[in-house]
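What follows is a single structure, written as structure tokens, with notes after it.
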Amino acid sequence: MNKVPHPQPALPTILHADLDAFYASVEQLLDPSLRGKPIAVGGGVVLACSYEAKKFGVSSGMGGWKAQQLCPTIQFVGGHFKEYQRLGDEVMKVLEDFTPLVQRISIDEAFLDVSGAVHLFGPPGEIAARIRTRVREEIGLPISVGAARTKHLAKIASQVAKPDGLVVVDPRYETEFLEPLPVGLMWGIGPVTQAKLAEKGITTIGQLAESSGESLTAWLGKALGGKVRALAANDDQRKVRPTGRAGSVGAQSAFGRRVLDRDFARQTLGHLADRVGRRLRAKQRAGRTVTVRIRFAGEPGTGAGRAITRSHTGRPVAGTLTLTEIAESLVWGAIAQQPGPPEAVMVSLLAISVSNLVDQASLQLELPLGDDGEVTDVAAARWALEHAMDAVRDKFGKAAVGYSSTALSRHSVPDEFRELAEREL
DNA sequence: TCTGGGGTCCTAGGACCC
DNA sequence: TCTGGGGTCCTAGGACCC
């Protein structure tokens with residue numbers, strides 16, 4: 001690795017701000033009796049947990065019963081989902097007081113480029129400290145911040161800073177900072193890649209940086225090899241870009257292992273199409289590509305089920321019924337390709353995603369078209385029906401009228417929680 | 001009894017056009 | 001007789017992130 005100090009000492013002007021154990025911290029903020037205690041948001045599945053619970057090995061996504069086993073004193077609390085959204089937004093407003101260059105990555109995390117703010121607020125480290133103080137004092141939440149020359153480094157720095165800390169990476173000593181850290185801290189290195197690297201005896205970023213590009217390509221494939229190489233070589237050129245709109249909208253539903261019959265498929269896909277369609281219509285958008293995903297339930301004991309996708313690209317769609325029909329035909333087409341009779345195919349998840357999004361500014365365009373490109377009576381009736389239903393639900397709530405929702409399995413997660421993960425369309 | 005949902009990005013291969 | 005190269009769009013799969 002190159003140990004020569006950076007020739008022109010740049011400032012660590014990229015910040016990564018990340019709220020600590022966000023949902024759990026909000027619960028502890030709202031109910032002081034929960035502070036300092038191991039808690040988890042959720043029930044059947046741990047959606048989030050406090051640092052006190054993490055000490056016991058509890059982590060998000062874990063089954064509730066397992067969390068209980070690891071940490072017998074853990075307290076499960078229901079989620080105040082509206083508060084998560086509100087407080088997350090408030091934190092972002094604090095960040096925007098320092099610079100308009102804020103790229104929100106999720107409800108609780110954002111990058112900032114403060115290069116234009118140093119004259120007003122002082123050096124990046126000072127800005128980061130002020131952010132932490134303000135979020136703590138004005139909102140009441142702990143937040144960790146990393147400051148560095150690049151996004152990648154800033155992100156790693158904030159992870160190292162957790163919980164409730166601040167790490168500034170001096171541009172002259174980036175290599176020394178990175179070398180001893182585990183490869184898993186790098187953006188883009190997940191469990192699969194980590195395991196592959198571990199097989200080769202590579203566990204730290206320093207070891208990764210010493211590996212040749214050819215080796216990495218051979219081990220990880222061209223795409224990942226190149227990317228990993230660039231990151232390990234500390235060559236991250238990405239800019240902080242104010243958050244853009246989503247490029248796709250989707251919904252998925254996991255259920256137990258079961259045979260996919262016509263009724264169940266229609267109900268489930270109808271429900272998913274409705275979730276997706278409503279979001280599209282609310283923002284006057286539509287998508288040209290409809291993709292379904294099917295996860296097959298492997299025989300018990302044979303490990304995780306294989307998942308496949310099938311897609312169709314055509315005219316922009318946003319209508320629930322049209323989406324449902326396209327999805328159904330894609331699903332049955334894929335099922336037919338599976339070995340064995342369709343009645344024997346077991347599935348565990350269905351998903352619909354719509355991409356290639358376009359704006360549908362005018363009513364004219366939003367009207368669904370018949371096969372010949374003309375607006376048909378049926379299509380017009382559907383359009384009218386769906387917009388009427390959207391209006392009723394906006395006024396009286398989701399449950400007022402709608403497509404029957406799939407019988408909720410114990411796996412499913414509250415709708416409010418799903419909505420937190422939705423990106424702005 | 002290894003789990004839930006919304007996204008992004010990347011690649012390879014094939015079709016089609018010029 | 002075929003021989004090329006480049007670009008774009010589409011499909012499918014995979015890994016990853018929060």
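These figures come from a predicted structure and were not determined experimentally.
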Worked check of side chain to side chain contact (heavy atoms under 4.5 Å, CB included) between A:Ile205 and A:Ile156:
CA-CA 11 Å; A:Ile205 297 177; A:Ile156 292 178; 4.3 Å; yes
Of the nucleotides C:dG13, C:dC18, B:dT1, which one has an atom closest to the side chain of A:Arg310?
C:dG13
Could you check whether A:Gly63 gets within reach of a base, just the sugar-phosphate, or nothing at all, counting any heavy atom under 4.0 Å?
base
Would you please confirm or rule out a distance under 4.0 Å between OP1 or OP2 of C:dT11 and any side-chain N or O of A:Ser311?
yes
Heavy-atom donor-acceptor pair, A:Arg266 side chain to A:Glu328 backbone, under 3.5 Å:
no
What is the separation between atom CG on A:Leu420 and atom P on B:dG7, rounded to the nearest whole Å?
12 Å
Counting only Watson-Crick pairs (N1-N3 plus N6-O4 or O6-N4) and G-U wobbles (N1-O2, O6-N3), all under 3.5 Å, who is the partner of B:dT11?
C:dA12
Figure out the CZ/P separation between A:Phe81 and B:dG5, and round it to whole Å.
13 Å
If the cut-off is 4.0 Å, is A:Arg288 near the phosphate of C:dC10, judged by side-chain N/O to OP1 or OP2?
yes
Nucleotide C:dG14, atom C1' - distance to CH2 of A:Trp219 in whole Å:
21 Å
Within the 4.0 Å heavy-atom criterion, would you say A:Val46 contacts the bases, only the backbone, or no part of the nucleic acid?
nothing
Is the shortest distance from a Lys or Arg side-chain nitrogen in A:Glu83 or A:Arg86 to a carboxylate oxygen in the other one below 4.0 Å?
yes
If you look at every strand shown and take non-hydrogen atoms under 4.0 Å, does A:Ile308 touch a base, only sugar-phosphate, or nothing?
sugar-phosphate
Answer with base, sugar-phosphate or nothing: what part of the nucleic acid does A:Gly247 contact at a heavy-atom distance below 4.0 Å?
sugar-phosphate
Under 4.0 Å between a side-chain N/O of A:Thr291 and OP1 or OP2 of C:dT11, yes or no?
no
Atom-pair distance (CD on A:Glu424; P on B:dG6), nearest Å
16 Å
For A:Ser253 and B:dG5, is the shortest distance between a side-chain N/O and OP1 or OP2 below 4.0 Å?
no
Counterpart base for C:dC18, defined by Watson-Crick or G-U wobble contacts under 3.5 Å:
B:dG5
For A:Ile189, which contact category applies under a 4.0 Å heavy-atom criterion: base, sugar-phosphate, or nothing?
sugar-phosphate
Could you check whether A:Thr193 gets within reach of a base, just the sugar-phosphate, or nothing at all, counting any heavy atom under 4.0 Å?
sugar-phosphate
Rounded to whole angstroms, how far apart are CG on A:Asn356 and C1' on B:dT8?
15 Å
For B:dG5, take OP1 and OP2 only and decide whether either is under 4.0 Å from a side-chain N or O of A:Arg418.
yes
Check: A:Arg35 side chain, A:Gln28 main-chain N or O, donor-acceptor pair, under 3.5 Å:
yes
A:Arg293 or A:Thr289: which one's nearest nucleotide on DNA chain C is closer to the 5' end?
A:Thr289
CZ of A:Phe296 versus C1' of C:dA12: gap in Å, rounded?
13 Å
Check every strand shown and say whether A:Glu422 touches a base, only sugar-phosphate, or nothing at a heavy-atom separation below 4.0 Å.
sugar-phosphate
So what does A:Arg275 touch, heavy atoms closer than 4.0 Å: a base, only the sugar-phosphate, or nothing?
sugar-phosphate
With respect to the phosphate group of C:dA12, does any side-chain polar atom (N or O) of A:Thr309 fall under 4.0 Å of OP1 or OP2?
no
Can you tell which of C:dC18, B:dG6, B:dG4 lies closest to the side chain of A:Arg295?
B:dG4
Under 4.0 Å from OP1 or OP2 of C:dG14: is there any side-chain N or O of A:Arg306 that close?
no
Anything under 30° is parallel, anything over 60° is perpendicular, the rest tilted; go ahead and classify A:Tyr23 against A:Tyr84.
parallel
At 4.0 Å (heavy atoms only), tell me whether A:Ala246 reaches a base, stays on the sugar-phosphate, or touches nothing.
sugar-phosphate
A:Ala21 backbone acceptor or donor facing A:Lys54 side chain under 3.5 Å:
no
State, yes or no, whether a side-chain contact exists between A:Ile131 and A:Leu95 at a heavy-atom distance under 4.5 Å.
yes
Is a side-chain N or O of A:Gln338 found less than 3.5 angstrom from the main chain of A:Ala334, in a donor-acceptor match?
yes
Side chain of A:Arg423 - closest among B:dG7, B:dG4, C:dC17
B:dG7
Under 4.0 Å: is that the gap between some side-chain N or O of A:Thr313 and OP1 or OP2 of C:dT11?
yes
Interatomic distance at C1', B:dC16 relative to C:dG4, whole Å
16 Å
Check the distance between B:dG7's P and A:Glu109's CD and give it to me in whole angstrom.
17 Å
Specify the residue among A:Arg241 and A:Leu272 whose closest nucleotide of DNA chain B lies further upstream toward the 5′ end.
A:Leu272
In whole angstrom, give the distance that lies between atom NE2 of A:His16 and atom P of C:dC17.
12 Å
Looking only at side-chain N and O atoms, does A:Lys196 come under 4.0 Å of OP1 or OP2 in C:dG14?
no
